[in-house]
Amino acid sequence: MATTETAASARTAADTRGLRRRGRKLDSVNWPLTALAAVLALTVLIPLYLTVVTALKTPDQLGGPGFEWPSRVRLENFSDAWNLTNFPRALLNSAIVTVGAVVLTVLSNSLVAYAIARNLHKRFFKFLYYFFVAALFVPFPIIMLPATKETALLGLDNPVGLFLLYTVYGLSFNVFVYTAFIRSIPRELEEAATMDGASTWGIFRRIIFPLLTPMNATVGILTCLWAWNDFLLPLVILSDPATRTLPLAQYVFQSQFTTNYTVAFASYLMALAPLLLVYLFAQRWVISGVMRGSIK
Amino acid sequence: MTHSSKAFYWMAIPALLLFVTLHTVPALTGVFFSLTDYAGYGTWTFIGLENYFSLFKDDRILSSYSFTFLFAITTTIIVNVLALGIAMLLNAKIKFQTAFRGIFFIPNVLAILIIGYVFNFIFSNSLPLLGQWAGIDWLSTSILANKDLAWLGIVAVSAWQSIAFSVILYLAGLQTIPADLYEAADLDGAGYWRQFRSITFPMIGAFFTINMVLALKGFLQAFDQIVALTGGGPGTSTESVAMVIFRGGFQGGEYGYQMANSVVYLLVIVAVSVIQLRTLQRKEVDF
């Protein structure tokens with residue numbers, strides 16, 4: 001976060017210096033481009049608006065293209081959807097899977113990457129690095145059928161198994177980004193700590209892990225988006241209907257009550273809302289986190 | 001750091017064991033079962049490469065590959081052209097820059113399955129009415145019910161959802177370009193198009209490569225959006241490879257056969273990614 005901001009402010013400073021040299025004209029806001037951005041933003045906002053108004057309508061207001069504001073708001077759509085999809089249960093399951101995946105991923109994947117980054121000159125760790133990173137190319141559908149059988153066999157066909165899978169399957173990408181970051185941390189820090197008698201575990205816990213904070217945020221955000229929104233993995237892994245996550249609950253709901261659009265949209269909105277709200281508050285953070293992940 | 005080599009092994013080996021158990025073992029079991037006639041239950045016998053030969057004679061498999069490639073290539077191109085344009089727009093001197101960035105990233109935090117359901121409604125209810133009103137023939141019935149147009153609906157929704165991520169990656173790239181390069185080009189009298197060709201594009205070459213590879217690889221695995229929009233129909237015209245593997249493997253008693261399909265699919269994806277990386281990186285160096 002800090003680095004992006006410093007870079008951004010340095011850039012603005014450079015910009016203004018350059019602009020002063022070229023005269024005042026370019027310093028001003030480009031309004032035609034702003035208007036263009038506003039028009040393009042509508043392509044994002046209109047479908048969201050449609051979701052909201054449809055969720056508020058009564059079924060008899062559904063005729064027409066569907067963009068007009070409801071003449072009579074029907075809030076019962078939400079309570080109907082709440083009961084029909086067993087919403088609290090699905091929300092809890094999604095929360096368990098997502099929190100579990102994020103916490104376990106950040107703690108374990110950074111640790112593995114630390115061990116690899118500091119030992120890349122050794123054959124075993126070098127092999128490990130390429131072994132994990134090569135798996136980036138393996139698409140999930142390939143291991144889907146056998147993995148389903150295996151998790152059922154191991155008793156992992158539940159939310160706990162699911163977040164374990166996210167942690168393991170994320171390892172490929174995360175080791176890649178963490179390792180690059182850790183290699184940029186000077187070893188002198190660790191050598192000094194060793195002099196003071198710190199163990200390798202202690203060094204990781206007290207020096208490396210705190211220094212990884214920006215990377216942890218990036219990995220955490222990406223894991224959160226993945227685990228919360230994923231559909232295929234829960235679809236094949238979870239066996240008990242009571243353990244359904246939110247996207248899975250929408251899928252089952254949709255195939256059972258296809259005609260009831262207003263209740264369906266209330267249900268979609270409730271499933272989208274939690275992450276959307278979190279995003280509205282943490283916007284800057286999420287975007288800078290994702291950007292950082294791409295630069296490393 | 002000789003003091004700690006033991007600790008490093010303890011840090012890495014549990015993860016390695018888990019990875020092997022949950023990723024490598026399933027992958028290898030899959031390769032093994034691709035050589036059998038296993039249905040997913042009951043007994044099985046070893047049949048060698050027979051599944052692989054049958055794949056190439058199976059119309060449903062072949063059409064799923066051609067649909068998947070047509071869809072993935074089209075969407076990759078659309079996403080990258082639009083994302084680069086939007087990223088340059090957001091990087092220009094516009095008002096409310098942060099707010100616009102925030103809005104454009106929204107689709108990426110939403111589940112594509114649910115987005116697909118919302119767009120399904122738009123395609124089958126709102127758009128046909130608009131089409132009738134405007135007198136556009138092909139738009140006045142649901143495009144999702146049209147065998148030749150349904151795939152365009154899937155392209156549109158996939159692009160809508162994933163442009164956000166590409167925009168952010170391109171923005172990150174654009175911010176690495178020093179402003180004085182443009183100043184110098186301005187002094188030399190280079191126009192916008194010339195600046196784009198000679199400065200912007202070459203400077204973000206690496207980001208272009210990453211975006212193209214990630215997008216194509218992602219779209220070759222399309223599943224959620226198709227389930228939500230067409231369910232593979234009308235007929236089997238929008239069945240992706242991932243969907244055929246899922247359906248045949250879990251519901252159709254074709255476990256062994258679909259594992260052979262998976263192995264071919266893996267080889268195809270690896271080959272495509274490697275070729276793409278090679279050619280795009282060679283271009284990068286050329287600039």
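Here the structure is a predicted model, which is why all the values come from computation and not from measurement.
- With respect to chain A, the highest number of heavy-atom pairs below 4.5 Å among Phe165(B), Trp10(B), Phe104(B), Phe33(B) belongs to Phe104(B).
- Counting only distance, with no hydrogens or angles, the side chain of Asn229(A) and the backbone of Val109(B) share a donor-acceptor pair below 3.5 Å.
- A cation-pi geometry, defined here as NZ or CZ lying under 6.0 Å from the six-membered ring centre and within 45° of its normal, does not hold between Lys122(A) and Phe8(B).
- With a threshold of 4.5 angstrom between heavy atoms, Thr24(B) approaches chain A through side-chain atoms but not through N, CA, C or O.
- A donor-acceptor distance shorter than 3.5 angstrom exists from the side chain of Asn174(A) to the backbone of Gly170(A), with no hydrogens or angles considered.
- In terms of non-hydrogen atom pairs under 4.5 Å with chain B, the most contact-rich of Thr51(A), Asn119(A), Val112(A), Leu275(A) is Asn119(A).
- Residue contact with chain A, scored on non-hydrogen atoms closer than 4.5 Å, involves the side chain of Tyr38(B) exclusively.
- The candidate from Asn125(B), Leu110(B), Val270(B), Thr29(B) with the greatest count of non-hydrogen atom pairs under 4.5 Å with chain A is Leu110(B).
- For Val278(A), no part lies under 4.5 angstrom from a heavy atom of chain B.
- Contacts of Leu246(A) with chain B are absent, with no heavy-atom separation under 4.5 Å from either backbone or side chain.
- Heavy-atom distances place both the backbone and the side chain of Leu40(A) under 4.5 Å from chain B.
- Comparing Leu128(A), Leu111(A), Thr148(A), Ile221(A) by how many heavy-atom pairs each has under 4.5 Å with chain B, the most go to Leu111(A).
- Every residue meeting the ring pair (Phe, Tyr, Trp, His ring centres under 6.0 Å) condition with Phe124(A), not counting sequence neighbours, appears here in chain and number order: Tyr9(B).
- With a 4.5 angstrom heavy-atom cutoff, Ala27(B) touches chain A via backbone and side-chain atoms both.
- Under a 4.0 Å N-O distance rule, the pair Glu254(B)/Arg247(B) does not qualify as a salt bridge.
- Counting heavy-atom pairs closer than 4.5 Å to chain A, the top residue among Ile245(B), Leu22(B), Leu220(B), Leu129(B) is Leu22(B).
- For a residue to count as touching a neighbouring chain, one of its non-hydrogen atoms must lie under 4.5 Å from one of that chain's; by this rule Ile287(A) touches chain B with backbone and side chain alike.
- In this structure, chain B has a heavy atom under 4.5 Å from the side chain of Leu171(A), while its backbone stays farther away.
- Within the 4.5 angstrom heavy-atom criterion, no atom of Val244(B) approaches chain A.
- Between the side chain of Gln132(B) and the backbone N or O of Ser140(B), at least one donor-acceptor pair lies under 3.5 Å.
- At a 4.5 Å heavy-atom cutoff, Ala35(A) makes no contact with chain B through either its backbone or its side chain.
- When each of Ser172(A), Ser108(A), Ala41(A), Pro247(A) is scored by its heavy-atom pairs under 4.5 Å with chain B, the top score falls to Ala41(A).
- Counting only distance, with no hydrogens or angles, the side chain of Ser240(B) and the backbone of Ala222(B) share a donor-acceptor pair below 3.5 Å.
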>> ring pair (Phe, Tyr, Trp, His ring centres under 6.0 Å), that's the test. Do Phe19(B) and Phe131(A) meet it? Break it down for me.
In response: CA-CA 10 Å; Phe19(B) 192 84; Phe131(A) 182 64; 5.7 Å; yes

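- The contact between Ile269(B) and chain A is made entirely by side chain atoms (from C-beta outward), counting heavy-atom distances below 4.5 Å.
- Here the straight-line distance linking atom CZ of Phe127(A) with atom CD1 of Ile116(A) works out to 10.5 Å at 0.5 Å rounding.
- Heavy atoms of Ile106(B) lying under 4.5 Å from chain A belong to its backbone as well as its side chain.
- Side-chain atoms of Arg187(A) come within 3.5 Å of backbone atoms of Arg118(A) as a donor-acceptor pair (strictly under, hydrogens ignored).
- Every residue two or more places apart in sequence or in another chain that forms a side-chain contact (heavy atoms from CB on, under 4.5 Å) with Ala147(A) is listed here: Tyr169(A), Pro26(B).
- Although no hydrogens or angles enter the test, the distance criterion places a donor-acceptor pair under 3.5 Å between the side chain of Thr34(A) and the main chain of Lys95(B).
- In this structure, chain B has a heavy atom under 4.5 Å from the side chain of Leu235(A), while its backbone stays farther away.
- The aromatic ring centres of Tyr166(A) and Trp228(A) sit 6.0 Å or more apart.
- Proximity to chain A is limited to the side chain of Leu113(B), based on heavy atoms less than 4.5 angstrom apart.
- When atom types are taken as modelled, the side chain of Gln225(B) and the backbone of Val157(B) share no donor-acceptor pair closer than 3.5 angstrom.
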>> One pair to check against ring pair (Phe, Tyr, Trp, His ring centres under 6.0 Å): Phe204(A) and Tyr114(A). What are the steps and the verdict?
In response: CA-CA 8 Å; Phe204(A) 176 78; Tyr114(A) 172 58; 5.6 Å; yes

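- Looking at Ile142(A), both its backbone and its side chain come within 4.5 Å of chain B, counting heavy atoms on both sides.
- Although no hydrogens or angles enter the test, the distance criterion places a donor-acceptor pair under 3.5 Å between the side chain of Asn120(B) and the main chain of Ala228(B).
- Both the backbone and the side chain of Gln250(A) come within less than 4.5 Å of a heavy atom in chain B.
- Looking at Leu127(B), there are no atoms closer than 4.5 Å to chain A (heavy atoms on both sides), in backbone or side chain.
- With a 4.5 Å cut-off on non-hydrogen atoms, Thr167(A) does not touch chain B at all.
- For Leu42(A), no part sits under 4.5 Å from any heavy atom of chain B, backbone or side chain.
- The most heavy-atom pairs under 4.5 Å with chain A, out of Phe223(B), Tyr117(B), Tyr265(B), Trp160(B), come from Tyr117(B).
- Remark: side-chain polar atoms of Asn51(B) are not paired, donor with acceptor, to backbone N or O of Gln258(B) under 3.5 angstrom.
- In terms of heavy-atom pairs under 4.5 angstrom with chain B, the leader among Leu33(A), Leu165(A), Leu225(A) is Leu33(A).
- With a 4.5 Å cut-off on non-hydrogen atoms, Asn108(B) touches chain A through its backbone and its side chain both.
- The candidate from Phe265(A), Trp31(A), Tyr279(A) with the greatest count of non-hydrogen atom pairs under 4.5 Å with chain B is Tyr279(A).
- Among Val236(A), Thr151(A), Asn109(A), Leu280(A), the residue making the largest number of heavy-atom pairs under 4.5 Å with chain B is Val236(A).
- Heavy-atom distances place the side chain of Leu48(A), and not its backbone, under 4.5 Å from chain B.
- Without hydrogens or angle criteria, Gln221(B) side chain to Val241(B) main chain gives no donor-acceptor distance under 3.5 Å.
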